[in-house]
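Single-structure report; data block below.
All values derive from a computational prediction rather than experimental measurement. Below, chains carry the letters A, B, ... as their sequence lines are ordered, and counting in each starts from 1.
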Amino acid sequence: MLIAWHAWARRSFPWRADGASLYVKILVEVLLQRTRAETVARFLPGFLDRFPSWAELAVSDERALGEALKPIGLWRRRAAPLHSLALAVVESNESWPIDRESLEALPAVGQYIANAILLFVHGQRQPLMDASMARLLRRYFDLCPQKADIRHDPVLHETAYKVLAEGDAVELNWAMLDLAAMVCLPRNPRCEDCPLKRTCRYRLHCKKMGTN
DNA sequence: AATACGGGGAG
DNA sequence: CTCCCAGTATT
């Protein structure tokens, strides 16, 4: 069982803590883009020291924000959109849209972060569909991706919604992300250590055809 | 459908 | 040294 495994193997991050603010939860999703969670975990305290809220972020100098983001990379890519997002959030008095179209119209918000907002802000059963969750689902269910872009792959998303249909959607998301990050690795997956190895379709596929 | 963005960690 | 990382915006 995925949740049973996660109960003892779960990774602990500041933004997963009970007291984590909505600001921290959404902000980190921007910081986590193409960036290891452990890297963000180390970087976050100092960043929050300087930018503790949407308001502080909104009134900050964009160049200074870029400088602050340098240690985790993609700083030029993140600074402007993040600053614009902060302005929009303050302008709306921190009330988040509930429809996907409005959310994805926000700066720095794409398919993934829109789902994160629907999950964390509105409590909807939405998948945090990143590259690693896509890999996990593709392997476990032996899926053939319809699209090169995981964000618009109906098979991946339908499968994810089925997984999230029952139980704690947030915990299930974290469990899948953690399993993908620690066991279902991109190159050398540790299948022998996997809690799902009994039912995973990837093991057979793996032994017959090698890696993928 | 491809690419750029980016510093840092793991093998 | 190469590959990959809780993606997004642009071409």
Side-chain angles (χ1 to χ4, degrees), chain A residues 2 6 9-17 20 22-44 46-47 62-63 65-86 88 100-121 124-139 145-154 156-157 160 163-164 169-190 193 211-212:
Chain A
L2 181 58
H6 194 239
R10 87 184 340 274
R11 295 183 293 174
S12 178
F13 296 119
W15 55 91
R16 288 186 179 182
L22 221 44
Y23 167 63
V24 169
K25 287 183 178 178
I26 307 300
L27 167 70
V28 294
E29 297 300 349
V30 176
L31 305 183
L32 283 165
Q33 290 173 6
R34 307 298 295 165
T35 308
R36 293 174 191 282
E38 292 76 9
T39 301
V40 175
R42 264 182 280 108
F43 170 81
L44 189 62
F47 185 87
E62 196 176 299
R63 244 181 296 273
L65 177 57
E67 283 298 319
L69 290 171
K70 276 191 177 179
I72 61 171
L74 294 177
W75 53 277
R76 224 188 303 265
R77 201 65 158 152
R78 293 190 241 241
L82 184 55
H83 186 247
S84 299
L85 177 61
R100 182 176 301 279
E101 192 177 351
S102 301
L103 286 171
E104 294 193 14
L106 291 169
V109 179
Q111 188 281 150
Y112 173 90
I113 295 186
N115 272 12
I117 294 169
L118 290 172
L119 176 71
F120 293 119
V121 178
Q124 294 186 9
R125 296 180 177 276
Q126 300 287 342
L128 298 174
M129 183 67 74
D130 71 326
S132 58
M133 181 181 291
R135 177 180 67 245
L136 175 67
L137 293 174
R138 179 165 42 76
R139 285 176 175 169
Q146 308 285 309
K147 309 266 188 171
D149 193 341
I150 62 173
R151 296 175 301 175
H152 303 107
D153 194 319
L156 274 177
H157 285 269
V163 173
L164 297 176
V170 171
E171 286 297 327
L172 284 167
N173 268 295
W174 287 343
M176 285 192 279
L177 292 176
D178 287 351
L179 187 61
M182 297 187 283
V183 179
C184 200
L185 306 174
R187 278 179 293 184
N188 301 108
R190 300 165 50 190
D193 299 328
T211 58
N212 184 15

Result for 5'-nearest mapping on DNA chain C, choosing between L106(A) and R11(A), is R11(A)
Looking only at heavy atoms, the pair that brings M129(A) and I150(A) closest together is O-CD1, 3.9 Å
Rounded to the nearest 0.5 angstrom, the CZ-CD distance for R100(A) and Q111(A) is 6.0 Å
Smallest heavy-atom separation, R139(A) atom then P186(A) atom, equals NH2-O, 2.9 Å
F43(A) meets the ring-ring contact (aromatic ring centres under 6.0 Å, His included) criterion, sequence neighbours left out, with F47(A)
Check your understanding: What does S132(A) touch in the nucleic acid at a heavy-atom separation under 4.0 angstrom: a base, only the sugar-phosphate, or nothing?
Key -> nothing
Between CZ of R135(A) and C1' of dC4(C) the distance, given in whole Å, is 9 Å
Practice task
Could you tell me whether the side chain of N115(A) reaches within less than 4.5 Å of the side chain of L103(A), counting heavy atoms only?
Solution key: no
With heavy atoms under 4.0 Å as the rule, sort V109(A) into base, sugar-phosphate or nothing. sugar-phosphate
To the nearest angstrom, the CG-P distance between L82(A) and dA9(C) comes to 12 Å
### Query
Any sub-3.5 Å donor-acceptor pair from R78(A)'s side-chain atoms to G73(A)'s backbone N or O?
yes
When rounded to whole Å, the CZ to P distance for the pair R187(A) and dC3(C) reads 8 Å
Taken to the nearest 0.5 Å, the spacing of I113(A) CD1 from L85(A) CG works out to 8.0 Å
note: I113(A), atom CD1; dA9(C), atom C1'; distance rounded to Å ~ 12 Å
| said: Using a distance-only criterion (donor-acceptor N/O pair, under 3.5 Å, no hydrogens), is the base of dA6(C) paired with the side chain of R36(A)? | reply: no
What residues 68-75 of chain A contributes to the DNA chain B interface at heavy-atom separation below 4.0 Å is K70(A), P71(A), I72(A), G73(A), L74(A), W75(A)
Comparing nearest nucleotides in DNA chain C, the 5'-proximal residue of the pair A37(A), E104(A) is A37(A)
Of R76(A) and T39(A), the one whose closest nucleotide on DNA chain B sits nearer the 5' end is R76(A)
What is the nucleic acid contact for A131(A), judged by heavy atoms within less than 4.0 Å: base, sugar-phosphate only, or nothing?
-> sugar-phosphate
**OP:** With P as the reference atom in both, quote the distance from dT3(B) to dC4(C) in angstrom, rounded to an integer.
**Re:** 15 Å
Contacts of W15(A) meeting ring-ring contact (aromatic ring centres under 6.0 Å, His included) (sequence neighbours excluded), chain-then-number -> F13(A)
Using the P atoms only, state how far dT8(C) lies from dG8(B), rounded to an integer number of Å.
-> 23 Å
note: N188(A), atom CG; dC4(C), atom P; distance rounded to Å ~ 11 Å
Atom CG of D149(A) and atom P of dA9(C) are separated, to the nearest Å, by 12 Å
Min and max contacting nt of DNA chain B in 5' to 3' order, chain A heavy atoms within under 4.0 angstrom, are dA1(B) to dG9(B)
Open item on the list: What contact category does A108(A) fall into here, base, sugar-phosphate, or nothing, at under 4.0 angstrom with non-hydrogen atoms?
Closed with: sugar-phosphate
note: L31(A), atom CG; dG7(C), atom P; distance rounded to Å ~ 12 Å
From the candidates dC3(C), dA9(C), dA6(C), the one with an atom nearest any side-chain atom of R151(A) is dA9(C)
Practice problem: Would you mind classifying the nucleic acid contact of R16(A) as base, sugar-phosphate or nothing, using non-hydrogen atoms under 4.0 angstrom? | Solution: base
Side chains of residues 170-177 of chain A: which donor-acceptor pairs under 3.5 Å do they make with residues two or more places apart or in other chains?
unit_1: E171(A); atom_1: OE1; unit_2: R10(A); atom_2: NH2; d: 2.9
unit_1: E171(A); atom_1: OE2; unit_2: R10(A); atom_2: NH2; d: 2.9
unit_1: N173(A); atom_1: OD1; unit_2: L128(A); atom_2: N; d: 2.7
unit_1: N173(A); atom_1: ND2; unit_2: Q126(A); atom_2: O; d: 3.0
unit_1: N173(A); atom_1: ND2; unit_2: A169(A); atom_2: O; d: 3.0

Rounded to whole Å, the CD1-P distance (I150(A) to dA6(C)) equals 12 Å
Query - Rounded P spacing from dA6(C) to dA2(B) in Å - result: 23 Å
Residues 26-39 of chain A vs salt bridge (charged side-chain N to carboxylate O under 4.0 Å, His left out), sequence neighbours excluded, gives R11(A)-E38(A)
To the nearest 0.5 Å, atom CD1 of I117(A) lies from atom CG of L22(A) at 9.0 Å
Side-chain atoms of R34(A) come closest, of dA6(C), dT8(C), dC5(C), to dC5(C)
Worksheet item: Is Q111(A) touching bases, backbone alone, or none of the nucleic acid, heavy atoms closer than 4.0 Å?
Response: sugar-phosphate
